[in-house]
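All figures in this text were calculated on a predicted structure; none of them were measured in a lab. When reading the values below, keep in mind they use all heavy atoms of this one structure, side chains included, and skip hydrogens, waters and symmetry mates.
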Amino acid sequence: MIMRTWRGWTRREDADAYAKYLMETGHPGYISTPGNRGVTFTRRDDGDRTEFFLVSLWDSWEAVRAFAGDEPGTAVFYPQDDRFLVDRETTVGHFDVFAH
């Protein structure tokens with residue numbers, strides 16, 4: 001199993017709207033991909049910004065590529081992300097899960 005992680009930041013006043021947007025776009029994108037074992041979306045306020053940290057679990061590299069494309073180390077973005085995000089990781093982390 002593979003864990004994939006990503007972080008992005010919004011202005012604090014945009015956090016609720018971005019969380020809603022993630023649930024309308026990113027969440028369905030993750031869970032509808034065959035081989036996805038689940039996704040957790042988290043957030044925390046930090047001063048005038050809110051950090052979003054996403055963690056997903058995948059059966060295999062083939063499943064990750066089905067979601068992310070041929071460059072699985074590149075983050076996946078959605079059309080309105082530029083509207084909300086003031087900073088973002090453009091790459092993602094991948095980890096081999098050895099206990100769950």
Side-chain angles (χ1 to χ4, degrees):
M1 187 173 2
I2 299 161
M3 181 174 68
R4 179 179 168 94
T5 64
W6 175 82
R7 285 183 171 84
W9 293 263
T10 66
R11 289 175 293 278
R12 192 170 185 173
E13 62 268 19
D14 292 335
D16 288 341
Y18 186 63
K20 182 178 183 228
Y21 178 69
L22 280 175
M23 294 306 296
E24 294 168 352
T25 58
H27 192 266
Y30 281 89
I31 64 171
S32 68
T33 303
N36 177 266
R37 291 276 199 91
V39 61
T40 302
F41 289 5
T42 66
R43 66 188 255 190
R44 66 178 172 174
D45 292 335
D46 183 18
D48 61 348
R49 300 189 330 168
T50 298
E51 177 184 3
F52 286 81
F53 182 57
L54 283 57
V55 177
S56 54
L57 297 173
W58 302 89
D59 284 334
S60 65
W61 280 106
E62 291 76 24
V64 171
R65 284 185 184 93
F67 171 74
D70 292 335
E71 297 292 332
T74 301
V76 173
F77 294 105
Y78 294 89
Q80 295 298 314
D81 283 343
D82 288 341
R83 176 177 157 215
F84 293 108
L85 295 170
V86 295
D87 197 6
R88 69 184 92 184
E89 295 178 340
T90 57
T91 59
V92 298
H94 290 106
F95 301 84
D96 292 324
V97 177
F98 63 90
H100 176 64

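For the pairing with Phe52, the side chain to side chain contact (heavy atoms under 4.5 Å, CB included) check across Thr10, Thr42, Leu85 returns one residue only, Thr10.
Other residues, nucleotides and ligands contribute over 12 non-hydrogen atoms within 6.0 Å of the CG atom of Asp87.
For Phe41, the ring-ring contact (aromatic ring centres under 6.0 Å, His included) partners at least two apart in sequence or on another chain are His27, Tyr30. Among residues two or more places apart in sequence or in another chain, the ring-ring contact (aromatic ring centres under 6.0 Å, His included) test is passed with Phe84 by Tyr18, Tyr21. Applying the side chain to side chain donor-acceptor pair (under 3.5 Å) test to Arg12 and every residue at least two apart in sequence or in another chain returns Asp45. Arg11 pairs by the side chain to side chain donor-acceptor pair (under 3.5 Å) definition with Asp14, not counting sequence neighbours.
Sorted by first and then second residue, the pairs that involve residues 89-100 and meet side chain to side chain donor-acceptor pair (under 3.5 Å), not counting sequence neighbours, are Arg4-His94. Counting only residues at least two apart or in different chains, salt bridge (charged side-chain N to carboxylate O under 4.0 Å, His left out) contacts with residues 23-35 comprise Lys20-Glu24.
Salt bridge absent: Glu51 and Arg43 never bring a charged side-chain N and a carboxylate O closer than 4.0 Å.
Following chains of ILVMFWY side-chain contacts shorter than 4.5 Å, one cannot reach Ile31 starting from Met3, and the two form parts of different hydrophobic clusters. Residues Val39 and Phe95 do not share a hydrophobic cluster, defined by chaining ILVMFWY side chains whose heavy atoms lie under 4.5 Å apart.
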Below 3.5 Å, can you tabulate the donor-acceptor pairs from side chains in residues 65-78 to any protein atom, sequence neighbours excluded?
none

List the atom pairs, donor and acceptor, that lie under 3.5 Å between side-chain atoms in residues 54-61 and the rest of the protein, sequence neighbours left out.
from: Ser56; atom 1: OG; to: Trp58; atom 2: NE1; distance (Å): 2.7
from: Asp59; atom 1: OD1; to: Arg37; atom 2: NE; distance (Å): 2.5
from: Asp59; atom 1: OD1; to: Arg37; atom 2: NH2; distance (Å): 3.2
from: Ser60; atom 1: OG; to: Glu62; atom 2: N; distance (Å): 3.4
from: Ser60; atom 1: OG; to: Glu62; atom 2: OE1; distance (Å): 3.3
from: Ser60; atom 1: OG; to: Ala63; atom 2: N; distance (Å): 3.1

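Annotation: side chain of Thr50 is not in contact with side chain of Arg44 (no heavy-atom distance under 4.5 Å).
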Item to check | Residues Val92, Arg7; criterion side chain to side chain contact (heavy atoms under 4.5 Å, CB included); working and verdict | outcome: CA-CA 8 Å; Val92 298; Arg7 285 183 171 84; over 6 Å; no
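The other members of the hydrophobic cluster of Val86, by chain and number, are Trp9 (side-chain heavy atoms under 4.5 Å, ILVMFWY only).
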